[in-house]
Colleague: 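Have a look at the structure that comes next, please.
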Amino acid sequence: MAVARMNMNCSIQSSLSCILKPSSFFNFRTTHFRNRVFPTGNNFVAPKRSLLCTCSSNGNSNAFQTGEKAEPFVVTTPLYYVNAPPHMGSAYTTIAADAIARFQRLLGKRVVFITGTDEHGEKIATAAAAGGSGPREHCDVISQAYKMLWNDLDIAYDKFIRTTDPKHEAIVEEFYSRVLANDDIYRADYEGLYCVNCEEYKDEKELLENNCCPTHLKPCVPRKEDNYFFALSKYQKPLEEILAQNPDFVQPSYRLNEVQSWIKNGLRDFSISRAAVDWGIPVPNDNKQTIYVWFDALLGYISALLEDKDQPNLQSAVSSGWPASLHLIGKDILRFHAVYWPAMLMSAGLSLPKRVFGHGFLTKDGMKMGKSLGNTIEPNELVDKFGADAVRYFFLREVEFGNDGDYSEDRFINIVNAHLANTIGNLLNRTLGLLKKNCQSTLVVDSSIAAEGKEFKDTVERLVEKARIHYENLALSSACEAVLEIGNAGNLYMDKHQPWSLFKQGGDAFEAAAKDLVIILETMRIIAIALSPVAPSLCRRIHAQLGYSEDQFDNLNWVHTLSLFLNIVKTKWGGLKGGQVMAQPKPVFARIEQIKENENGGAEAPKKVVKKKEEKATGSRGDRSLGVPISEDSLPLMSFGPQSVEISLTLSIHHHDDTSTAIYPRVSMLRSCISGMKSGVCEAISEVYVW
């Protein structure tokens, strides 16, 4: 077994944070670090503008949507049911919605990001009673738990609606009255199999053995009630026409196929009230029944748009931003959002949302994670162990948005270390280290001048445009990959040009090396902007390393935003200027170290593997081994502090099986002696790989 921990112990280990440890045959668990390595200042997430970077811009300010007259981009998550605390499934939806909202803000759009909690229904009353509290008290506690988790995950929502808010209840009552006036509500008896967890009646043909719900795997119960019904069947043909004329209404395309199949099989009217549920909004003119939880909760997308000063009516809410640009939901509630909800809106004479996107499930042991199934991954624990940036990045990068995705802690650690700590974090750290040593942390020239005639600049601009397109198409994993490609290109550029060697040559070579550092730091500035929708706190730290103050970061003007993500203005390189002073190099993302666990279950420090000198001439598995003393300047992938460091290493180089051009140096650190101290300090990192 092994334990994962955040390791920031010494300068040598920090300087080697670029090195990937080889995978082992152990399973891993992690320790907690509630006190984050990198404080972000405020406990709450930064405001919208804080995601952007100061830079030069000759673009037209009219390219940005500003002011209240601009059409807003309204993105919503589901209103989460408060029968239990939040789980990773709901966190995943919200992280994705937040990334989309942040990207739209980068475009200069006026964004309204809505989330909230669904607080009525039978399950809520049951959960409250089981906990020994009343429904209102229970809802207050769980709703606050959602807000606290969103804070910890850097979720920058604009509106948080609770369906127990008086303004929401007023909207529901008015909406119900509109639909009733349109002759789309009638009263009838209904008898069928009811899933309490889904809060809906089920057709027998969709149930599993023993009448079990296919989602919650629990038996549905027979129920007969005198309810009010919504005439859904009346809207079958209008819904078919809408989907035929606007195939982008439901995404991904295979979700559209599901919806069309449901409609083709025939729509049945559904019950919109419950006689046996007291915890809900009373049906107008019939206090013996309460409004069905879904008929209630869907209207939260509209009631959330109301400002505090607004009268709680549909006209005020709709004029504040309806229709929604994007409903982001899990695929299990697609029918409610893509069939029931559009029909309800048509009945009330309101516009339909522009797009409904049904993403897949996060799975554990091959099954959907859910509170009702009792197999959830606790998002609070993940944030405590790894921090918000790591959690956000892993789930958005590793799960192709729309499909199902499985969580593995080993995979989590490997991805986060490789991408955030190594490719991005170490590139910045070693570049700033060289700049401090050779240029007093000051840029010698404008980044636009440094990149003149360089193909590398074109490569970065192409990858940024690639990321923009992926963000626009909600391909969040591909957007992350495009940004990572920029980081990989930066590392290859550094290794090819070897500025650490050029600095030693002096003259023109010194000047070329100084320009190379400017190019890489400009690349890091661009990475920080392009990745900010996914990992906002990390990008804030990168900007701070590039010499920007908190005030500059928090008070940027939209018209001075980098034009990377604008169609109207050509992608622009050149934000960093000659004479700018960078901050002192400091790792922006702590690598997660893996620690072996002893036989008694206790954690051990990593074992030091010290190879004898005579071993260096003998390679294993056909490796060509060289015994070489390597100086600080000959290690391109390692950045060291100002101390004089002598390092003895054994370098073993072998070729990858798949390609003769890929060389992977395996390094075993034997000893580091830091001069200027009364005694040597020995640290060891065994069996580490540089990719």
Side-chain angles (χ1 to χ4, degrees), residues 68-79 110-116 118 158-159 161 163 165-186 228-246 248-250 259 263 267 269-270 272-273 281 283-284 291-307 310-329 333-357:
E68 294 301 315
K69 292 183 179 180
E71 180 182 352
F73 182 91
V74 179
V75 56
T76 73
T77 72
L79 304 190
R110 182 167 69 90
V111 174
V112 182
F113 173 18
I114 296 171
T115 188
D118 177 3
D158 297 286
K159 303 282 188 178
I161 185 66
T163 59
D165 290 344
K167 67 177 182 180
H168 172 77
E169 295 185 359
I171 293 293
V172 172
E173 291 171 358
E174 182 182 353
F175 186 91
Y176 184 97
S177 298
R178 276 202 189 191
V179 176
L180 179 64
N182 200 43
D183 293 329
D184 286 337
I185 294 177
Y186 63 91
Y228 292 93
F229 283 75
F230 173 70
L232 179 63
S233 57
K234 175 179 173 181
Y235 292 92
Q236 175 152 342
K237 186 171 181 58
L239 284 170
E240 289 175 341
E241 293 175 351
I242 288 170
L243 295 179
Q245 296 170 6
N246 183 18
D248 291 334
F249 177 69
V250 178
V259 173
I263 296 174
L267 297 179
D269 299 349
F270 68 96
I272 60 170
S273 73
I281 300 173
V283 171
I291 293 177
Y292 173 47
V293 63
W294 274 106
F295 198 91
D296 163 5
L298 288 165
L299 285 159
Y301 301 137
I302 295 178
S303 63
L305 293 168
L306 287 168
E307 301 292 344
D310 292 340
Q311 291 295 319
N313 57 56
L314 281 171
Q315 182 178 352
S316 296
V318 169
S319 64
S320 296
W322 190 259
S325 307
L326 173 65
H327 285 325
L328 202 58
I329 60 168
I333 55 175
L334 181 62
R335 189 194 305 259
F336 297 106
H337 287 78
V339 180
Y340 293 8
W341 181 224
M344 290 163 54
L345 290 167
M346 284 189 280
S347 176
L350 299 178
S351 300
L352 273 57
K354 297 177 183 177
R355 183 164 40 162
V356 176
F357 190 99

Colleague: Might you point out which heavy atoms bring Gly321 and Pro72 nearest each other, and give the distance in Å?
Modeller: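 Minimum heavy-atom separation between Gly321 and Pro72: CA-CG, 3.9 Å.
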Colleague: Check step by step if side-chain contact (heavy atoms from CB on, under 4.5 Å) holds for Asp165 and Ser303.
Modeller: CA-CA 9 Å; Asp165 290 344; Ser303 63; over 6 Å; no
Colleague: Please round to the nearest 0.5 Å and tell me the distance separating atom OG of Ser316 and atom NZ of Lys167.
Modeller: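 The NZ atom of Lys167 is 11.5 Å from OG of Ser316, to the nearest 0.5 Å.
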Colleague: OG1/Thr77 to CD1/Ile114 distance, rounded to the nearest 0.5 angstrom?
Modeller: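 Nearest 0.5 Å value for the OG1-CD1 distance: 9.0 Å.
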Colleague: Do Ile333 and Pro78 touch side chain to side chain, with heavy atoms closer than 4.5 Å?
Modeller: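 Answer yes - side chains close enough.
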Colleague: Quick check: do Leu350 and Ile302 have side-chain heavy atoms less than 4.5 Å from each other?
Modeller: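 Side-chain contact under 4.5 Å: yes.
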Colleague: Can you name the nearest heavy-atom pair linking His168 to Thr163, along with the distance?
Modeller: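 Heavy atoms only, the tightest pair is CD2-O, 3.2 Å.
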Colleague: Taking Ala317's backbone N and O only, do any of them form a donor-acceptor pair with Trp322's side chain (distance below 3.5 Å, no angle check)?
Modeller: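 Not confirmed, Trp322 side chain does not pair with Ala317 backbone.
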Colleague: A side-chain contact here means heavy atoms from C-beta on lying under 4.5 Å apart; do Leu326 and Lys354 qualify?
Modeller: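 Heavy-atom side-chain distance check fails, nothing below 4.5 Å.
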Colleague: Name all residues meeting the salt bridge (Lys or Arg N to Asp or Glu O under 4.0 Å) criterion together with Asp184; count only those two or more places apart in sequence or in a different chain, and write none if there are none.
Modeller: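 Lys234.
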Colleague: What closest approach, in Å, do Asn182 and Ser347 show between heavy atoms, and which atom pair accounts for it?
Modeller: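 So the minimum-distance heavy-atom pair works out to ND2-O, 3.3 Å.
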Colleague: Taking side chain as C-beta onward, heavy atoms only, is Leu306 less than 4.5 Å from Ile161?
Modeller: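 Leu306 vs Ile161: side chains apart.
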Colleague: Closest approach of Arg178 and Leu314, non-hydrogen atoms and distance?
Modeller: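 It is NE-CD1, 3.6 Å.
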Colleague: Determine whether Leu239 and Leu267 make a side-chain contact, defined as any pair of heavy atoms from C-beta on separated by less than 4.5 Å.
Modeller: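 Side chain of Leu239 against side chain of Leu267, heavy atoms only: contact under 4.5 Å found.
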Colleague: Taking everything shown except Gln311 itself, do over 12 heavy atoms lie less than 6.0 Å from its CD?
Modeller: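 No, CD of Gln311 has 12 or fewer neighbouring heavy atoms, counting only those of other groups under 6.0 Å.
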Colleague: Taking atom CG of Leu328 and atom NE2 of His337, what is their separation to the nearest 0.5 Å?
Modeller: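 That separation rounds to 10.0 Å.
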Colleague: Is the side chain of Ser177 donor-acceptor paired with the backbone N or O of Glu173 at a distance under 3.5 Å, no angle test?
Modeller: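 Present.
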Colleague: Decide yes or no for Met344 and Ile272: does some side-chain heavy atom of the first lie under 4.5 Å from some side-chain heavy atom of the second?
Modeller: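 Side chain of Met344 against side chain of Ile272, heavy atoms only: no contact under 4.5 Å found.
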Colleague: Can you find a pair of side-chain heavy atoms, one from Met346 and one from Leu352, that are under 4.5 Å apart?
Modeller: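 Met346 reaches Leu352 side chain to side chain.
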Colleague: What's the separation between atom CD1 in Ile281 and atom OH in Tyr176, rounded to the nearest 0.5 Å?
Modeller: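 Separation between the atoms: 12.0 Å.
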Colleague: Once side-chain hydrogen bond (donor to acceptor under 3.5 Å, both in side chains) is applied, do any residues pair with Ser233, and if so which ones, sequence neighbours excluded?
Modeller: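 Ser233 satisfies side-chain hydrogen bond (donor to acceptor under 3.5 Å, both in side chains) with Asp269 once adjacent residues are dropped.
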Colleague: Grab the two heavy atoms, one from Phe175 and one from Ala348, that are nearest each other, plus how far apart they are.
Modeller: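 Of all heavy-atom pairs spanning Phe175 and Ala348, the closest is CE1-CB, 3.3 Å.
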Colleague: Considering only heavy atoms from C-beta outward, does the side chain of Val283 approach that of Tyr292 to under 4.5 Å?
Modeller: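 They are not in contact (no side-chain heavy atoms under 4.5 Å apart), so the answer is no.
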Colleague: Under the ring pair (Phe, Tyr, Trp, His ring centres under 6.0 Å) test against Tyr340, which residue among Phe270, Phe230, Trp294 passes?
Modeller: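 Running ring pair (Phe, Tyr, Trp, His ring centres under 6.0 Å) over Phe270, Phe230, Trp294 with Tyr340 returns exactly one hit, Phe270.
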Colleague: Measure across Trp341 and His327 and return the closest heavy-atom pair with its distance rounded to 0.1 Å.
Modeller: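 So the two residues come closest at NE1-NE2, 3.1 Å.
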